[in-house]
2 protein chains.
Amino acid sequence: MTTKKATIKDVAREAKVSIASVSRVLNGLGGVTAETQDAVRKAAAHLHYVPDSAARSLITGRTHTIGAVLPDLYGEFFSELIRGIDLAARARGLHLLVSSSHDGVEDATAAVRTMRGRVDGMIILSQFVDGEFLDRNLPSDLPAVLLDSPVDNPRYPSINIDNIAGAQAMVKHMLDAGHESVAFITGPAGNYDAQEREKGYRAAMAQHAPKAPLQIITGDFTEESGYRAGRELLAQARRPRAVFAANDMTAVGCLYAFKEAGIRVPEDIALAGFDDILIARYVSPSLSTVSVSIADLGKSALLLLTELMEGKGPQGSNTRTLRCDVVVRESCGAHQTNVATKHPPALV
Amino acid sequence: MTTKKATIKDVAREAKVSIASVSRVLNGLGGVTAETQDAVRKAAAHLHYVPDSAARSLITGRTHTIGAVLPDLYGEFFSELIRGIDLAARARGLHLLVSSSHDGVEDATAAVRTMRGRVDGMIILSQFVDGEFLDRNLPSDLPAVLLDSPVDNPRYPSINIDNIAGAQAMVKHMLDAGHESVAFITGPAGNYDAQEREKGYRAAMAQHAPKAPLQIITGDFTEESGYRAGRELLAQARRPRAVFAANDMTAVGCLYAFKEAGIRVPEDIALAGFDDILIARYVSPSLSTVSVSIADLGKSALLLLTELMEGKGPQGSNTRTLRCDVVVRESCGAHQTNVATKHPPALV
DNA sequence: CTGAAAGCGCTAACAT
DNA sequence: ATGTTAGCGCTTTCAG
């Protein structure tokens, strides 16, 4: 029955009441007799009436939509993140407007600005966004939560992955497994996660293997960079016994470099990554890694955002940290059973 | 400088012109002197003015937003799909509203209905959506394109993956490689892609190995189902020499069942999947598969949708089919170099 | 309990 | 070339 657009007036006429009553009924505001209710509901159903959200937004100032600004939509991380956000959002009756593919300040600015008026709140993950940026581009009454950001602005709470602790735990694990030193392959320079993971590596080395020299190779989170780093590592005079890569893709690339050179993992060199992407389970040997519940990150962000939207300012600290867990598989040479314990989602 | 909400009136006042002139300048409608232009732009910039999209939508009837209704956001397929849609959308200045996680007719209905008025067009991928559904739930003037759908409704064009041809090509490839018969692991019963792939399998067998008996095991696109199917296959009196799974995850599960049983792939049994997910490249042996350019699917959908939105009815056929390509890796035993040829995106 | 009426911020006639 | 004005569909006082 191909629906045309019926307005509130049409419903009012059909129900023989005023538009005000229609509005009251449809918004459950009460103050209407059962008969009026009935008439309105019948008329609305009959006409397939759906309120115009633009008109409603115009007057209420609410859109029931939240915006997600991300650098990209590519890969497991963002996929999971959006999924977590979406799940939590629709559970609260909120729509999700996504904006991605911005790799510069201008793009980020445009993304944030064009969302103004279209959303009631924003979740932002971007290395180009800082407190000053937000103050300049966001209306003061538009709540926003930052993901994976060093920003510490009282107005914009942020949720971060506990990269430092995760990296530290993994390095300690490898050290404990008997490898006297661990080499590290970094992520891209500007990336906050990458920086934190390196910090964790350094901290763990300083604490648990203070005499061992630090071997740090530059990578950029890509498989290719891992491959190059792997070759570089093999070419060194002092070939490492264990390697910790800043993320899984890098570790996988490194693994291929080792395989190609006939180096056995973990017998000759132990290896570990970070993220616990799906592939980690499937490479041979399976990759030990640090797992992050990305969907929980998205969910937490949305929850925090809705609190903000309801006026509850972030109580106490405005920065939350999401726990990471070491997942021991074959590549790190700790010879354990291959079953990664399922940890419940948890905010530290 | 924490922006408050400036309206068109504020800009008009600041620029000492009428709101009409402001509108004209900001919408590039011409009929304004350079001076007015200047004054308006300065004022707008100064006040950080951003037009209220709700108000604009209310009067123009356009939202510059397109909606994507998907069953889920999980996994590579949807991630890539959204990415393709998003890329094409933002290239045209369109926003993307996503809605997912509906696995029932009610959910789908709610998703589609709540998007009414919020979007200028929709891209829908759902097994619960058919022509009748759309006629009942979509305003007649809201364009929509269907993905992976058997619906053949002149009002709703659809874009499909050429599952039949892809499956057929893969089965033929395996047959040509010397395996006299190929077993098949199906996907979930209600899934359109899965059905088409099975059709392709049957067609290829009928054409190229008419005397070989058909071995068909039930699966459901999950790794577990593939694992079970693999064990089932091994338990059979007539152990197959080649297995084609309806998707990659199933093939991976099957691969693990074989490994566990000490069966070598491809020496003892050849194996192939469908989708070319990232993992396919990383399992050992690497998985031969049928590749689909999912991002292109999303892009094509958006392009088709914008044509519709611009009033160009779909000329000629209203169903397009996206080509698939056989990717030969190690698991199918065709001993070729491991380099998958890069095909340009192409609509058949 | 219900209806009339005033806008929300903007665009698009219609005047000037 | 510029300004005035009438709504777009809806919520929300404010009267009755």
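Convention: sequence-line order gives letters A, B, ...; per-chain numbering from 1. In what follows, every heavy atom counts, from backbone to side chain, and hydrogens, waters and symmetry copies are set aside.
Distances from the side chain of B:Arg56 to the nucleotides C:dC10, D:dC10, D:dT2 place C:dC10 closest. For A:Arg24, whose side chain is taken as the heavy atoms from C-beta onward, the closest listed nucleotide among C:dT11, D:dT2, C:dT2 is C:dT2. In this structure, of D:dT12, D:dG9, C:dT11, it is D:dG9 that holds the atom nearest to the side chain of A:Leu58. The side chain of A:Asp52 approaches D:dC10 more closely than any other nucleotide in the set D:dT2, D:dC10, C:dT11. When each of C:dG7, C:dC10, C:dG3 is scored by its nearest atom to the side-chain atoms of B:Ile59, the top-ranked nucleotide is C:dC10. Nearest nucleotide to the side chain of B:Val32, out of C:dT2, D:dT2, C:dC10: D:dT2. The side chain of A:Ser18 lies closest to C:dG3 when the candidates are C:dG3, D:dT11, C:dC10. Listed candidates were D:dC8, D:dT11, D:dC10. Nearest to the side chain of A:Lys9 is D:dC8.
Under the side-chain contact (heavy atoms from CB on, under 4.5 Å) rule, B:Leu81 has a single partner from B:Leu73, B:Asp296, B:Ile294, which is B:Ile294.
Dashed line: the shortest gap from a side-chain N or O of A:Thr33 to OP1 or OP2 of C:dT2 is under 4.0 Å.
As a whole-Å value, the separation of A:Lys5 NZ from D:dG9 P is 6 Å.
Using a 4.0 Å heavy-atom cutoff across all strands shown, A:Ser23 reaches at least one base atom of the nucleic acid. Here B:Thr36 lies in heavy-atom contact (under 4.0 Å) with sugar-phosphate atoms only.
Judged by distance alone, the side chain of A:Ser149 and the main-chain N or O of A:Leu146 form no donor-acceptor pair under 3.5 Å. Between the A:Asn191 side chain and the A:Pro188 main chain, no donor and acceptor come within less than 3.5 Å of each other.
When all heavy atoms are compared, the tightest approach of B:Leu138 to B:Val112 is CD1-CG1, 3.1 Å.
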